[in-house]
Undergrad: 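The structure is given below, and queries will be raised subsequently.
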Amino acid sequence: METTLILLKPDTVERGLIGEVISRLEQKGLKINGLKMMQLDDAIVTEHYDFLADKPFFPSIKEYMMRTPVVALAVSGQNAIATVRMLTGATNPQEALPGSIRWDFGLTIDGNIIHASDSAETAQTELKRFFKGENIFDYSRGFDGIL
Ligand code: ATP
Ligand code: MG
């Protein structure tokens, strides 16, 4: 069983799509173990996207991620990390496959709806970053999913 970190980005909150996106995760059999709304600050966004710090679009990513609160989720299931990345789709919504969250709801690369951890190592770091070990719950849904 894996746990991954998801952020529902500011455009998702602004456009009233929180429920729609969470439904996609639940429908796939993933379990929501943690869920909280957070206002991100410069320090946490800089840490989260530090590998993009030298890109010309870095200032606009920071502005985007801080303009409205985000919803952070800890989500588990078998192969949860890869499964969520597949549900999410390509970084640019215009290149994502139909049926993916970014194709179905995203408009442009700077409004791509969702962040999802891309490896087991990243997931571990990102879960600590956004949940700090608190507010993650385990419970039974009566099945472990069929992923
Ligand atoms: P995320 O980490 O947000 O889940 P990702 O893993 O698909 O997205 P990354 O390469 O990690 O893609 O890029 C992180 C974020 O930086 C993207 O989600 C997007 O918001 C922004 N980004 C990446 N490339 C570009 C670009 N060429 N122009 C504008 N923004 C970009
Ligand atoms: Mg990424």
Side-chain angles (χ1 to χ4, degrees), residues 1-138 145 147:
M1 199 66 70
E2 288 178 343
T3 305
T4 189
L5 183 280
I6 293 174
L7 298 176
L8 305 185
K9 295 181 177 181
D11 47 331
T12 303
V13 176
E14 291 158 3
R15 292 172 57 208
L17 295 171
I18 296 171
E20 296 274 2
V21 178
I22 290 178
S23 284
R24 298 287 181 102
L25 307 171
E26 291 186 314
Q27 283 164 12
K28 190 62 199 168
L30 293 155
K31 188 189 287 183
I32 311 296
N33 298 97
L35 186 159
K36 65 175 176 180
M37 185 171 275
M38 305 169 68
Q39 174 61 54
L40 302 185
D41 62 17
D42 194 283
I44 198 167
V45 177
T46 301
E47 185 183 282
H48 186 65
Y49 285 133
D50 68 338
F51 60 98
L52 297 173
D54 58 353
K55 300 283 186 202
F57 51 83
F58 190 59
S60 66
I61 291 184
K62 286 215 289 194
E63 208 175 305
Y64 165 44
M65 293 302 289
M66 294 191 293
R67 76 172 184 233
T68 297
V70 300
V71 176
L73 295 153
V75 170
S76 68
Q78 288 175 43
N79 301 319
I81 297 163
T83 300
V84 172
R85 292 284 292 187
M86 286 191 75
L87 288 174
T88 294
T91 307
N92 185 343
Q94 288 166 11
E95 292 168 5
L97 289 175
S100 67
I101 290 167
R102 283 175 171 161
W103 173 269
D104 289 350
F105 302 120
L107 302 175
T108 59
I109 195 163
D110 38 26
N112 67 358
I113 301 286
I114 184 169
H115 161 78
S117 304
D118 60 12
S119 70
E121 195 187 355
T122 317
Q124 203 177 18
T125 307
E126 293 180 348
L127 286 162
K128 282 196 199 117
R129 178 175 303 141
F130 291 96
F131 282 93
K132 303 192 188 305
E134 308 148 17
N135 303 320
I136 292 188
F137 302 91
D138 201 12
L147 305 175

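Order of listing sets the numbers, starting from 1, for every ligand and every atom in it. What's counted below: heavy atoms across the whole structure, side chains too, no hydrogens, waters or symmetry copies. Index from 1, following the sequence.
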Undergrad: Quick test: of every protein heavy atom, which one is nearest to atom 12 (O) of ligand 1, and how far off is it to 0.1 Å?
TA: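 I find the closest protein heavy atom is Thr91 OG1, 3.2 Å.
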Undergrad: Ignoring hydrogens and angles, tell me if any N or O in the side chain of Arg85 forms a donor-acceptor pair with the backbone of Ala116 under 3.5 Å.
TA: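 Yes; at least one donor-acceptor contact below 3.5 Å.
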Undergrad: Can you list the atoms of ligand 1 that are under 4.0 Å from a heavy atom of Ala116?
TA: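 In order of numbering, the contacting atoms are 4 (O).
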Undergrad: Could you tell me if Thr83 and Asn79 have a donor-acceptor pair between their side chains, going purely by distance under 3.5 Å?
TA: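 There is no such pair (donor and acceptor under 3.5 Å, judged by atom type) between the side chains of Asn79 and Thr83.
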Undergrad: Under 4.0 Å, heavy atoms only, figure out whether ligand 1 is touched by the backbone of Asn92, its side chain, both or neither.
TA: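 No part of Asn92 comes within reach of ligand 1.
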Undergrad: Judged by non-hydrogen atoms, does Arg85 sit under 4.0 Å from ligand 1?
TA: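 Yes; Arg85 lies near enough to ligand 1 that a heavy-atom distance drops under 4.0 Å.
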Undergrad: Just need the protein heavy atom nearest to atom 30 (N) of ligand 1, so name the residue and atom and give the distance.
TA: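 Nearest protein contact, heavy atoms only, for atom 30 (N) of ligand 1 is Phe57 CD1, 3.5 Å.
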Undergrad: Distance to 0.1 Å, residue and atom name: give those for the protein heavy atom nearest to atom 13 (O) of ligand 1.
TA: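 Atom 13 (O) of ligand 1 sits closest to the protein heavy atom Leu52 CD1, 3.9 Å.
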Undergrad: Has Ser117 got a side-chain atom pairing as donor or acceptor with Leu5's backbone, closer than 3.5 angstrom?
TA: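 Checking the backbone N and O of Leu5 against the side chain of Ser117, a donor-acceptor pair under 3.5 Å is found.
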Undergrad: Identify which of Val84, Ile61, Thr108 has a heavy atom lying nearest to atom 16 (O) of ligand 1.
TA: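 Shortest heavy-atom distance from atom 16 (O) of ligand 1: Ile61.
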Undergrad: To check your reading of the model: name the closest protein heavy atom to atom 1 (P) of ligand 1, its residue, and the distance in Å.
TA: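 The answer is His115 ND1, 3.1 Å.
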Undergrad: Going by heavy atoms in the side chains, are Tyr49 and Met65 under 4.5 Å from each other?
TA: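 A side-chain contact exists here, since the closest heavy-atom pair is under 4.5 Å.
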Undergrad: Any donor and acceptor pair, going by atom type alone, linking the side chain of Asn33 with main-chain N or O of Val75 inside 3.5 Å?
TA: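 Not a single qualifying donor-acceptor pair exists.
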Undergrad: Could you find the nearest protein heavy atom to atom 11 (O) of ligand 1 and give me its residue, atom name and distance?
TA: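 Heavy-atom neighbour on the protein nearest atom 11 (O) of ligand 1: Phe51 CZ, 3.3 Å.
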Undergrad: Measure the spacing between CD of Gln78 and CG of Leu30 and express it to the nearest 0.5 Å.
TA: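 One finds 10.5 Å between CD of Gln78 and CG of Leu30.
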Undergrad: So do the side chains of Leu52 and Phe57 get within less than 4.5 Å of each other, counting heavy atoms only?
TA: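 Yes. Closest side-chain heavy atoms under 4.5 Å.
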Undergrad: Starting from atom 3 (O) of ligand 1, find the nearest protein heavy-atom neighbour and note its residue, name and distance.
TA: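 So the nearest neighbour among protein heavy atoms is Tyr49 OH, 2.7 Å.
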Undergrad: Please classify the Lys9 to ligand 1 contact at 4.0 Å (heavy-atom distances, strictly less than): side chain, backbone, both or neither.
TA: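 Near ligand 1, Lys9 shows its side chain, while the N, CA, C and O stay back.
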Undergrad: Of the choices Asp110, Ile109, Ile113, which has the non-hydrogen atom that lies closest to atom 20 (O) of ligand 1?
TA: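 Answer by nearest heavy atom: Ile109.
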Undergrad: What protein heavy atom sits nearest atom 8 (O) of ligand 1, and how far away is it?
TA: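 In this structure, atom 8 (O) of ligand 1 has Arg102 NH2, 3.3 Å as its nearest protein heavy atom.
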Undergrad: Quick check: do Val70 and Leu40 have side-chain heavy atoms less than 4.5 Å from each other?
TA: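 A side-chain contact exists here, since the closest heavy-atom pair is under 4.5 Å.
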Undergrad: Does atom NZ (Lys55) have a neighbourhood of more than 12 heavy atoms from anything else shown, all under 6.0 Å?
TA: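 Atom NZ in Lys55 is not crowded, with 12 or fewer foreign heavy atoms closer than 6.0 Å.
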Undergrad: Have a look at Asp118, Ile114, Thr122, Asn112 and point out the one with the heavy atom closest to atom 19 (C) of ligand 1.
TA: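 Selected option, by shortest heavy-atom distance: Asn112.
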